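To find a chain, count down the sequence lines: A is the first, B the second, and so on, and within it residues start at 1. What you are looking at is a predicted structure, and each value in this text was computed from that prediction instead of being measured.
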Number of protein chains: 2
Amino acid sequence: MKRDKISITEAELEIMNVLWASGEPMTAQQVSDTLHGKDWKYSTIATLFSRMVDKGTVTYEKRGRFFYYTPSINEKEYKTHETKNFISNLYNGSVKNLVASLFESKQMSAEDIDEIKKLFELEE
Amino acid sequence: MKRDKISITEAELEIMNVLWASGEPMTAQQVSDTLHGKDWKYSTIATLFSRMVDKGTVTYEKRGRFFYYTPSINEKEYKTHETKNFISNLYNGSVKNLVASLFESKQMSAEDIDEIKKLFELEE
DNA sequence: GATTACAGTCTACACTTGTAGATTCAATTT
DNA sequence: AAATTGAATCTACAAGTGTAGACTGTAATC
């Protein structure tokens, strides 16, 4: 089962998102609190962190008795890369196809449309 | 490991894409030929098909000595759904964020941009 | 009818992922 | 110092995935 070098599973991504959003090192407990929605047991989060450390997607630093975790991969880069893969897998690599599909399926809010129009107007 | 009811793995998706693109029932061999790029052994494809039949993502019909497979789930619906999840996981559910990111990261070709502009102009 | 091919089925296996209880070890409190 | 507490680590396990060799049975060919 060959996989891409740096992989972040769905569960791990939830943690990465918390870390990225926070912008600073967090303990497993803090992440757990932020993720109160999901009711993961502490040890589940700990396992995920330990796997992430192994994979190298986060690093930690020990302060007192706590480990503070920091993402070691760049959010923008990672997401851009994943988006590219996604478009490649589902939309034959065509951004146009993706956007057309979003359009058709009415997944865009009025604000989305406005904002996007602005983007494109700046462009001309 | 609880997963969404109807799941299509990455490998399975490649097959589904072939089936969807073809628009008509295909044998495992035909799919294999179409997928010559990946060099999957025949039995790999057969295993994938058999799992897909189990999951209910394809059905087959026996004609002579061959099985002809047909997707049993709708491409548009499936992709729309997956796209929604994707945006939810990576872009906090915001289509605008996605499109902005595509913009920034220069993943759009000139044609993409033209086509997309057309879409949005129709809209006003 | 015997032989050959080849499509489909079985079996296999290592790695991944989600999920978490049990255990350990150091810090904190009494 | 002893007891308590709570992180971090270890161990565990079932289901899912990628990948494919071995086997079987029937259709096509000699």
Does a side-chain N or O from [X] land closer than 4.0 Å to OP1 or OP2 of [N], or not?
X: B:Gln29; N: C:dA7; value: yes
X: B:Trp40; N: D:dG18; value: no
X: B:Thr9; N: D:dG18; value: yes
X: B:Thr47; N: D:dT19; value: no

[X] [atom1] to [N] [atom2]: how many Å, rounded?
X: A:Glu14; N: C:dG18; atom1: CD; atom2: P; answer: 9 Å
X: B:Lys55; N: D:dT17; atom1: NZ; atom2: C1'; answer: 8 Å
X: A:Glu10; N: D:dA15; atom1: CD; atom2: P; answer: 19 Å
X: B:Lys62; N: C:dA7; atom1: NZ; atom2: C1'; answer: 9 Å
X: B:Ile8; N: D:dG18; atom1: CD1; atom2: C1'; answer: 17 Å
X: A:Ile15; N: C:dT17; atom1: CD1; atom2: P; answer: 14 Å

From C:dT28, C:dA7, C:dT19, pick the nucleotide closest to the side chain of A:Thr44?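 Nearest listed nucleotide: C:dT19.
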What I'd like to find out is whether the side chain of B:Met26 reaches to under 4.5 Å of the side chain of B:Tyr68, using heavy atoms alone.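 In short, these two side chains do not touch, never coming nearer than 4.5 Å.
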Is the shortest heavy-atom distance from the side chain of B:Ile15 to the side chain of B:Leu19 under 4.5 Å?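 Yes, their side chains come closer than 4.5 Å.
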Do A:Tyr60 and A:Ile73 share a hydrophobic cluster (ILVMFWY, side-chain heavy atoms under 4.5 Å, transitive)?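 Linked, A:Tyr60 and A:Ile73 end up in one cluster.
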So what does A:Tyr42 hit on the nucleic acid, given a heavy-atom distance under 4.0 Å: a base, only sugar-phosphate, or nothing?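 Touches a base.
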Could you tell me whether the side chain of B:Arg51 has a donor or acceptor atom within less than 3.5 Å of a complementary atom in the base of C:dT9?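 In this structure, the two groups form no donor-acceptor pair.
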Quiz question: going by heavy-atom distance under 3.5 Å, is there a donor-acceptor pair between the base of C:dG21 and the side chain of A:Ser43?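 Counting by modelled atom types and ignoring angles, a donor-acceptor contact under 3.5 Å is found here.
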Of A:Gly64 and A:Ala11, whose closest DNA chain C nucleotide lies nearer the 5' terminus?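 Counting from the 5' end, the first nearest nucleotide belongs to A:Ala11.
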